[in-house]
Protein chains: 4
Amino acid sequence: MAEPTRERPTQAQRRDGTRQRLLDSATELFSQSGYHGTQVMDIVSKAHVSAGTFYRYFEDKQAIFFAIAQKLADHELQEAKKTHVLFSTAADFASTVTSMVQYYEAHFERVLAQAALYRCLLHSGVVDPARDHLWKMNERSTAALADHLRNAGITDTRDHESLARMILGIGAELRFSMIHSGQPTAARAARLATRCVIGALAAFTTQLPSHLKPSEQVWAATLQRLTLVE
Amino acid sequence: MAEPTRERPTQAQRRDGTRQRLLDSATELFSQSGYHGTQVMDIVSKAHVSAGTFYRYFEDKQAIFFAIAQKLADHELQEAKKTHVLFSTAADFASTVTSMVQYYEAHFERVLAQAALYRCLLHSGVVDPARDHLWKMNERSTAALADHLRNAGITDTRDHESLARMILGIGAELRFSMIHSGQPTAARAARLATRCVIGALAAFTTQLPSHLKPSEQVWAATLQRLTLVE
Amino acid sequence: MAEPTRERPTQAQRRDGTRQRLLDSATELFSQSGYHGTQVMDIVSKAHVSAGTFYRYFEDKQAIFFAIAQKLADHELQEAKKTHVLFSTAADFASTVTSMVQYYEAHFERVLAQAALYRCLLHSGVVDPARDHLWKMNERSTAALADHLRNAGITDTRDHESLARMILGIGAELRFSMIHSGQPTAARAARLATRCVIGALAAFTTQLPSHLKPSEQVWAATLQRLTLVE
Amino acid sequence: MAEPTRERPTQAQRRDGTRQRLLDSATELFSQSGYHGTQVMDIVSKAHVSAGTFYRYFEDKQAIFFAIAQKLADHELQEAKKTHVLFSTAADFASTVTSMVQYYEAHFERVLAQAALYRCLLHSGVVDPARDHLWKMNERSTAALADHLRNAGITDTRDHESLARMILGIGAELRFSMIHSGQPTAARAARLATRCVIGALAAFTTQLPSHLKPSEQVWAATLQRLTLVE
DNA sequence: GATGAATGAGTCTTCATTCAT
DNA sequence: TATGAATGAAGACTCATTCAT
């Protein structure tokens, strides 16, 4: 007889439901119109609650913005960690590339929905460093990748932070294009990004012991494989 | 010896002076406080003109913002095109790389010098697709680079747009970091970016006739030179 | 005996109350100072609400003006239609004239009672063809009267629109005078207008079958009666 | 050798020319958009003079408005007197009617251009009785017609003012329609107005000595003639 | 006399936030 | 606890008028 889902929801459940609806509405609206282009009234209308209710869940308009930012940042950090593992654990080049393609493909499919939000959050024009966890998260994400690059034995540069940024930039612009024009597809984007990244990394791994570097054949074959997709 | 145009700072000159003062004031204020943190009244006060005068020169607040953005974007596009030409005409690899470093260094220096303005433009949160010259400029940059890549004989991918985006992304993230933390320096950023970009491009130029590709020695030497900076 | 709707003057009732207070305040102020002489702040102050509240109920300043005009025009059109019906159904001339006098008297009394408002509406100088309900109402009045004249069997002219306009013009100028000088009184104006209108109509009903036209005696007696008022 | 038109205009002539251009521009703009819908800048642009020049010729915006009003009022008064003569001098009915048609036709053709202005001036929302000569002129025009009606021997009413207004109203609405819809044509409007007016007057001339009234045949024939136009 | 750049008080309108019901 | 009417400070924008050139 226990059908918890059919019983009327507890206070706490309703509370969470309302809060979640507000967050969802705000997320969509911020993504579309930016922080300043979104009014509290728009958010509450979309969430089917009243203006007053909003302020029971969030102190003010910035609060919901930062709540979203926080959530996204947490999520991104976790995802980023998964990626970086690739760089450090892969025993051989071929499997690294394969994993990288798989990761990017999953990544692009997954983040498409969030990319607009991500960009909005970073470029929102909200300036309140004291509360800006998002920016810190972004930095932490970069730092994590930098660490992995360092551990992977890259010694051609000591500025692994910047290298990490550049590599993240490769994906960022592709993602941005996908949101706005739908081009390229996740599958192709993954190949392009992988190819681009391994090329970039190659330029920073001249000092790697030769047994860790792919032979010329492997390199050619790998690029060949990445090309086949188009 | 009669230079009548210099004698009386005529109407036209006063006009231009006023317009310039408004642009300067706005640039500084937008840099400091962002678009939404700056009031029209602040701009006119700083420029020592009245509210009404502002609207003689700019249709509304957004107009002056876009005028500033446009000017910066135009300049960048010009500079970028100068360099991109190299991709297609450069006789030899070494000079291409040298030019690329020079371009990047100049670019990053400009960015550093006007970091606050860049930050404002990128983070303004102004969303008005109908008038967003900034966004159009970005697309034009991409298109211009894509064209050059195509002309340079890159046939490993037919999606030169995406390749262009990825390359621009490399610089974008670096710029973003410089704007916020001042790191890395323009000189180092230029080397890093160049190295990263030529690596990335190498991964897309497997089909280039061998006489166009750098020999292994040249390649190694080039990377070596790019490394020396640190 | 439970009348819950009367117990608590609910939201909806408060809403209507506020809207009505705004309309009343605006009506009075527009009457006194005209459209351009009245500020939104004046209206809200008089209605004891805040500036923001105004815009919950009316899109902008013009909207409340047109709301007032519309209401008055609607009412007048209703009243006019009631009378115009007489033109087509009236069995005999005498009762038509009696009704016409009654209608005009009521109309002119309304005008006198709200002379200032009428003056404001007529002289507001608001020119916005896209939203000018007043103008549309005027056209609707003309069309309605033209229809009735047509149905009444007037065939001396096929331009019933123009005939309608001329008849409406008779009343309009009288109204205009009453608004500004209070002269003539509603009672006399009604007789004058009726007499003038039936004279004018007589000049357009030569082809009416004779049994529908008043005999010379009836005509003379009618005019006599209309004269008695002075 | 005397070609005064080719010699360069005197100061005084240029002054008058400029003033006239300003008046013409203002007239057209006020007619189209009303007083409040017309900006001083619009007027000076149309007149090809600078903002400052405007204030050399007119004290302020209201001054040019009243200058136009004054001129129109003077003109109207003169024209009105011509008409009214018809009522008092015509020896016989038939020639009165003929003259009336001619007058109305000329009137409608002439005033079409000014009617919009006329209405704008009366309904402009400019409220400054101290300077409002136009309103007084309007009253004088009414008074003049009233006098003529009185002199013509109309004794059915003593309120010749109101009668005059009603008669003027007949033409006013027709004129207004002609401006906005182009309907009816001046020729038809003249017949319609004449017919309407003589009908209206007939209803106020029951006490005229019979030798002054048209016989039934003349009446019928007159109306017949007025009808032929359609 | 003419010009047109500059003025600035005046208004409308917005929207995050509060609070009585 | 939810509602939504009310708040009011804030800010963009206008336009008749002035005045240095």
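Just so we're on the same page: letters track the sequence lines, and every chain starts at 1.
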Query raised in the report: Does the side chain of A/Thr53 come within less than 4.5 Å of A/Val44's, by heavy atoms?
Result: no
**Report entry** Residues in side-chain hydrogen bond (donor to acceptor under 3.5 Å, both in side chains) contact with C/Thr27, at least two apart in sequence or another chain
**Finding:** none
**Report entry** side chain to side chain contact (heavy atoms under 4.5 Å, CB included) partners of D/Ala47, counting only residues at least two apart
**Finding:** D/Arg21, D/Leu22, D/Ser25, D/Val49
Query raised in the report: Between E/dT7 atom C1' and D/Tyr55 atom OH, what is the distance in whole Å?
Result: 13 Å
Report summary line: Within residues 40-54 of chain A, the residues having a heavy atom closer than 4.0 Å to DNA chain E are A/Val40, A/Gly52
Query raised in the report: When you measure from the side chain of A/Arg56, which nucleotide among F/dT18, F/dA2, F/dC13 comes out closest?
Result: F/dA2
Query raised in the report: C/Tyr57 near the nucleic acid: base, sugar-phosphate alone, or nothing, with a heavy-atom cut-off under 4.0 Å?
Result: sugar-phosphate
Report summary line: Side-chain contact check for D/Lys61: nearest option of F/dA6, F/dA16, F/dT14 is F/dA16
Report task. With sequence neighbours left out, write down each residue that passes ring-ring contact (aromatic ring centres under 6.0 Å, His included) with A/Phe30, or none if nothing qualifies. Result -> A/Tyr35, A/Phe65
Report task. Among E/dA6, E/dT18, F/dC13, find the nucleotide with the atom closest to the side chain of B/Asp60. Result -> F/dC13
Requested in this report: With sequence neighbours excluded, tell me which residues meet ring-ring contact (aromatic ring centres under 6.0 Å, His included) with B/Tyr57.
Outcome: none
Query raised in the report: When the distance from OH of A/Tyr35 to P of E/dC15 is rounded to whole Å, what number comes out?
Result: 13 Å
Query raised in the report: Between E/dT18 atom C1' and A/Glu59 atom CD, what is the distance in whole Å?
Result: 14 Å
Query raised in the report: Excluding sequence neighbours, so at least two apart, what forms salt bridge (Lys or Arg N to Asp or Glu O under 4.0 Å) with B/Lys46?
Result: B/Glu28
Report task. Quick one: list whatever passes ring-ring contact (aromatic ring centres under 6.0 Å, His included) with D/Tyr55, sequence neighbours left out. Result -> none
Report summary line: Whole-Å distance, D/Phe58 CZ to F/dT17 P, equals 13 Å
Report summary line: Intra- and inter-strand pairing of DNA chain E, written as dot-bracket with Watson-Crick and G-U pairs under 3.5 Å and | for the latter, reads .||||||||||||||||||||
Query raised in the report: Between E/dT13 atom C1' and C/Ile64 atom CD1, what is the distance in whole Å?
Result: 15 Å
Query raised in the report: Atom NE2 of C/His36 to atom P of F/dT14: distance rounded to whole Å?
Result: 16 Å
Requested in this report: Please identify each residue that fulfils side chain to side chain contact (heavy atoms under 4.5 Å, CB included) with C/Asp24, with sequence neighbours left out.
Outcome: C/Gln20
Query - Residue whose closest nucleotide on DNA chain E lies nearer the 5' end, B/Thr18 versus C/Gln39 - result: B/Thr18
Query raised in the report: Is the shortest heavy-atom distance from the side chain of D/Ile64 to the side chain of D/Glu59 under 4.5 Å?
Result: no
